[in-house]
Amino acid sequence: MGFVLDRSASLGVRTYQRALEFMEKLVKAFDMKPGCSRAGVVTFADNATTDIDFDMYDDYKDFSEALKQIPMFGKSNPFQLSLLLYNIK
């Protein structure tokens, strides 16, 4: 599965969190494990970046942890980001 994620601050913290949760649930539903499904994430804000390449993780737990490390970009303040990280856990 390939995901494209808008990580610009214009998206808003709640919408960004929902996007991460959606990706996490979808990957879990496809039973990500060695020899089965793979997933990758390309993000964009000012430019596009491959944050999770298809061959980086072959299990759900590692993918999920990496997904939580993708920060929002732009005009967010540290308080908004801390709320985002708290709510994802």
Side-chain angles (χ1 to χ4, degrees):
M1 291 168 276
F3 297 101
V4 178
L5 174 64
D6 178 354
R7 65 183 186 110
S8 64
S10 64
L11 196 61
V13 173
R14 181 168 299 284
T15 304
Y16 184 76
Q17 178 184 352
R18 285 182 181 164
L20 293 177
E21 289 169 355
F22 170 79
M23 289 186 284
E24 195 172 10
K25 287 177 183 178
L26 191 59
V27 167
K28 188 174 186 177
F30 275 84
D31 196 24
M32 187 177 183
K33 60 185 177 186
C36 290
S37 300
R38 297 287 180 124
V41 179
V42 172
T43 61
F44 67 93
D46 287 345
N47 58 20
T49 306
T50 301
D51 286 273
I52 301 176
D53 205 343
F54 282 107
D55 61 354
M56 284 179 135
Y57 304 103
D58 61 3
D59 68 29
Y60 167 76
K61 183 179 178 184
D62 291 340
F63 177 85
S64 177
E65 288 301 316
L67 193 60
K68 293 173 186 173
Q69 300 303 313
I70 299 174
M72 283 185 72
F73 180 82
K75 299 175 184 174
S76 302
N77 64 45
F79 178 71
Q80 287 176 314
L81 292 177
S82 64
L83 286 176
L84 172 65
L85 293 173
Y86 176 77
N87 286 325
I88 290 175
K89 291 181 182 181

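All values reported here derive from a predicted model rather than from experimental measurement. Residues take their numbers from the sequence shown, with the count starting at 1.
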Contact check, side chains of D59 and M32, non-hydrogen atoms, under 4.5 Å: no

In sequence, state the C-alpha distance, the side-chain angles, and the governing distance for F44 and D6, and then conclude on side-chain contact (heavy atoms from CB on, under 4.5 Å). CA-CA 5 Å; F44 67 93; D6 178 354; 3.4 Å; yes

Of the options L67, V4, L20, V27, which is the one that meets V41 in a side chain to side chain contact (heavy atoms under 4.5 Å, CB included)? L67

Would you call the rings of F63 and F3 parallel, tilted or perpendicular if under 30° counts as parallel and over 60° as perpendicular? tilted

Nearest-0.5 Å distance that lies between atom OG in S8 and atom OH in Y16: 10.0 Å

Looking at CG of L11 and CD of Q17, how far apart are the two atoms once the value is rounded to the nearest 0.5 Å? 11.5 Å

If you look at every heavy atom in D31 and C36, which pair is closest and at what distance? O-CB, 3.9 Å

Worked check of side-chain contact (heavy atoms from CB on, under 4.5 Å) between M23 and M1: CA-CA 10 Å; M23 289 186 284; M1 291 168 276; over 6 Å; no

Less than 4.5 Å apart, any side-chain heavy atom of D58 and any of K33? no

Using a strict threshold of under 4.0 Å (side-chain N to carboxylate O), is an ion pair present between R18 and E21? no

Please examine the side chains of I70 and T43, heavy atoms only from C-beta on, and report whether any two atoms are closer than 4.5 Å. yes

Hey, could you give me the OH/NZ distance between Y60 and K28, rounded to the nearest 0.5 Å? 5.0 Å

Distance check, rounded to the nearest 0.5 Å: Q69 atom CD versus S64 atom OG? 10.0 Å

Of all the heavy-atom pairs spanning R38 and D55, show the shortest one and how long it is. NH1-CA, 3.5 Å

When you compare the side chain of R7 with that of P71, does any pair of heavy atoms fall below 4.5 Å? yes

Min side-chain heavy-atom separation L5-F22 under 4.5 Å: no

